[in-house]
Enquirer: 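Quick one: structure below, then a few questions.
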Amino acid sequence: MATFVTRAQWGARAPKSVSSITPAQGGVVVHHVDAVKVAEASHADCAAQVRGIQNHHMDGNGWSDIAYSHLACVHGYLFQGRGENVRTAAQGTTQGNDDWYAVCALTGGTGSDYDPVTVGLIDAIRYGINRLRVSGGAAQAITGHRDHHATGCPGNLYSRVISGEVNPGGGPLPHPGVTFRQSPVTVHASVATWQYRMNSAHGYSLTVDGQYGPGSDAACRSFQSRRSLAVDGLVGPATWRATFA
């Protein structure tokens, strides 16, 4: 299991203010730090890196605290951020921050020029998500930052989200607990995760926008028919499992 590093242990500043969160309506979002490599070679430097992120968020962005709920390093440590039951500032949308926790990997890069995704890093991300579920009331949904906002974050870690590798119980990615339907249109970040998977794994060409509109409904019905599922246009647990199998 990953080693937990408290705010006192990494030298956190006190938050300027604290707001509550409603994570049963969302879940946990996975982030990375940047589009360039940032992982520290020595764990002895990771606490200073987290302090630097907090200083940037508080002094540069004017936020109340470090944006994330927890941060995970490649050495297998989980740094306490805002922690459980506290609203985030990481997702780029009001609803995202109101309803979703954030676990940030202390990694970065793009494509083949990406920091090593170590066993310790995945273990720490899993540990963070589990804490947020057990102690913070997070729903089962796990998304990438890109499912909430126009960004490339979390870079190469997004494939680990889609595969369910970052889920504490392992893959496949668990159903988010929300059944997608076309009327009224379901708007949820996990819809974007599903749309991406439908395109990348099953050959559809959906707009990945997190809105379960007519195009998503039609693709769902086509997919259900192909997989001999009940053709109802609803993405419930059975259709979700088939999509991410």
Side-chain angles (χ1 to χ4, degrees), residues 15-35 53-54 56-58 60-72 79-108 125 128-133 135-155 157-162 164 166-167 173-181 184-197 206-213 216 235 240:
K16 298 175 184 176
S17 62
V18 174
S19 300
S20 60
I21 191 171
T22 51
Q25 300 178 40
V28 181
V29 185
V30 175
H31 294 251
H32 73 177
V33 175
D34 208 341
I53 292 170
Q54 185 188 40
H56 173 67
H57 287 176
M58 295 180 73
N61 294 349
W63 297 340
S64 63
D65 197 357
I66 196 167
Y68 311 109
S69 307
H70 296 304
L71 302 94
F79 290 82
Q80 181 182 21
R82 296 190 178 200
E84 288 71 46
N85 304 306
V86 180
R87 185 182 186 272
T88 66
Q91 325 310 358
T93 69
T94 298
Q95 184 179 20
N97 291 330
D98 285 346
D99 296 344
W100 296 77
Y101 288 117
V103 174
C104 181
L106 295 175
T107 58
I125 294 171
I129 292 172
N130 190 61
R131 282 184 61 98
L132 294 165
R133 287 176 176 171
S135 301
Q140 292 294 300
I142 303 172
T143 61
H145 187 196
R146 59 183 286 170
D147 295 322
H148 297 255
H149 188 65
T151 176
C153 179
L157 291 174
Y158 191 63
S159 64
R160 312 299 180 106
V161 173
I162 293 294
V166 298
N167 182 46
L173 190 67
H175 182 258
V178 176
T179 296
F180 309 158
R181 61 186 72 241
V185 173
T186 300
V187 179
H188 192 274
S190 290
V191 174
T193 316
W194 177 84
Q195 290 167 330
Y196 176 87
R197 177 67 174 179
L206 297 171
T207 299
V208 180
D209 59 4
Q211 300 184 51
Y212 192 75
S216 292
V235 182
W240 179 276

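The shown structure was predicted, so the numbers you read here are calculated from the model rather than taken from an experiment.
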Enquirer: Quick one: does Asn61's side chain have a donor or acceptor within less than 3.5 Å of a partner on Trp63's backbone?
Expert: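 A pair under 3.5 Å: no.
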
Enquirer: Does any non-hydrogen side-chain atom of Tyr101 lie less than 4.5 Å from one of Val29?
Expert: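 SC-SC contact between Val29 and Tyr101 ruled out.
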
Enquirer: Val33 and Cys104: which non-hydrogen atoms are nearest, and at how many Å?
Expert: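 That closest heavy-atom pairing would be CG2-SG, 3.9 Å.
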
Enquirer: Which atom pair, heavy atoms only, marks the closest approach of Ala139 to Gly26?
Expert: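 Here Ala139 and Gly26 meet closest at CB-O, 3.2 Å.
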
Enquirer: Check whether any side-chain heavy atom of Val185 sits under 4.5 Å from a side-chain heavy atom of Val187, and report yes or no.
Expert: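 Side chain of Val185 against side chain of Val187, heavy atoms only: contact under 4.5 Å found.
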
Enquirer: Do Gln195 and Ser216 pair up side chain to side chain, a donor and an acceptor below 3.5 Å, judged on atom types alone?
Expert: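 The answer is yes; a qualifying pair exists.
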
Enquirer: Of the non-hydrogen atoms in Thr88 and Gly96, which two are nearest, and what is the gap between them?
Expert: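 Minimum heavy-atom separation between Thr88 and Gly96: OG1-O, 4.3 Å.
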
Enquirer: Are the side chain of Thr151 and the backbone of Cys153 linked by a donor-acceptor contact shorter than 3.5 Å?
Expert: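 Answer holds: yes.
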
Enquirer: Which value, rounded to the nearest 0.5 Å, describes the distance between Asn97 atom CG and Arg87 atom CZ?
Expert: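 Between atom CG of Asn97 and atom CZ of Arg87 there are 4.5 Å.
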
Enquirer: Should Asp34 and His32 be marked as a side-chain contact (heavy atoms from CB on, under 4.5 Å) after you check the CA-CA gap, both sets of side-chain angles, and the distance that decides it?
Expert: CA-CA 6 Å; Asp34 208 341; His32 73 177; 5.8 Å; no

Enquirer: Go through the side-chain N and O atoms of His149 and Thr93 and say whether any donor and acceptor fall under 3.5 Å apart.
Expert: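 Note: His149 and Thr93 side chains miss the donor-acceptor criterion.
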
Enquirer: Check the side chains of Asp147 and Tyr196 for a donor-acceptor pair under 3.5 angstrom, ignoring hydrogens and angles.
Expert: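 Distance-only check fails for Tyr196 and Asp147.
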
Enquirer: Take Val28 and Trp100 through the side-chain contact (heavy atoms from CB on, under 4.5 Å) test and state the conclusion after the steps.
Expert: CA-CA 5 Å; Val28 181; Trp100 296 77; 5.7 Å; no

Enquirer: Distance check, rounded to the nearest 0.5 Å: Trp240 atom CH2 versus Trp194 atom CH2?
Expert: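 Answer rounded to 0.5 Å: 9.5 Å.
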
Enquirer: Would you mind reporting whether Ile66 and Met58 have side-chain heavy atoms less than 4.5 Å apart?
Expert: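 They are not in contact (no side-chain heavy atoms under 4.5 Å apart), so the answer is no.
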
Enquirer: Pick one: which of His145, His148, His31 meets side chain to side chain donor-acceptor pair (under 3.5 Å) with Gln91?
Expert: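 Only match with Gln91 under side chain to side chain donor-acceptor pair (under 3.5 Å): His31.
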
Enquirer: Taking salt bridge (charged side-chain N to carboxylate O under 4.0 Å, His left out) as the definition, give me every residue that meets it alongside Arg133, ordered by chain and number, with sequence neighbours left out.
Expert: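 Not a single residue meets the salt bridge (charged side-chain N to carboxylate O under 4.0 Å, His left out) criterion with Arg133.
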
Enquirer: Rounded to the nearest 0.5 Å, how far does OG of Ser69 lie from CD1 of Ile21?
Expert: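 Result: 6.0 Å between the selected atoms.
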
Enquirer: What I want to check is whether the side chains of Gln95 and His188 have a donor and an acceptor closer together than 3.5 Å.
Expert: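 Checked: Gln95/His188 side chains show no N/O donor-acceptor pair below 3.5 Å.
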
Enquirer: If I compare all heavy atoms of Ala102 with all of Ala90, which pair ends up nearest, and what's the gap?
Expert: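 Scanning both residues, the minimum pair turns out to be CB-CB, 3.8 Å.
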
Enquirer: Pick one: which of Ile125, Ile53, Val103 meets side chain to side chain contact (heavy atoms under 4.5 Å, CB included) with Leu71?
Expert: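 The option that passes is Ile53.
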
Enquirer: With rounding to the nearest 0.5 Å, note down the distance linking OG1 in Thr193 to CD1 in Ile142.
Expert: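 Rounded to the nearest 0.5 Å, the OG1-CD1 separation comes to 10.0 Å.
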
Enquirer: Would you check if His57 and Asp65 make a side-chain contact, meaning some heavy-atom pair closer than 4.5 Å?
Expert: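 Of all side-chain heavy-atom pairs linking Asp65 with His57, none is under 4.5 Å.
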
Enquirer: Going by side chain to side chain donor-acceptor pair (under 3.5 Å), name the pairs with one or both residues in residues 15-28, residues two or more places apart or in two chains.
Expert: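 Of all non-adjacent pairs touching residues 15-28, those that pass side chain to side chain donor-acceptor pair (under 3.5 Å) are Thr22-Asp99.
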
Enquirer: To the nearest 0.5 Å, tell me how far His175 NE2 sits from Ser190 OG.
Expert: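 Rounded to the nearest 0.5 Å, the NE2-OG separation comes out at 8.5 Å.
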
Enquirer: May I ask you to decide if Arg181's main-chain N or O and Thr186's side chain share a donor-acceptor pair within less than 3.5 Å?
Expert: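 Yes, the answer is positive, given that a donor and an acceptor are paired below the 3.5 Å cut-off.
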
Enquirer: Of all the heavy-atom pairs spanning Ile129 and Val166, show the shortest one and how long it is.
Expert: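 Between these two residues, the closest heavy atoms are CD1-O, 3.5 Å.
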
Enquirer: Is the cationic atom of Arg82 (NZ for Lys, CZ for Arg) positioned less than 6.0 Å from the six-membered ring centroid of Tyr68 and within 45 degrees of its normal?
Expert: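 Here Arg82 fails the 6.0 Å and 45° test against Tyr68.
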
Enquirer: Kindly compute the distance separating CD1 (Ile162) from CG (Leu157), expressed to the nearest 0.5 Å.
Expert: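 Spacing of CD1 (Ile162) from CG (Leu157) equals 12.0 Å.
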
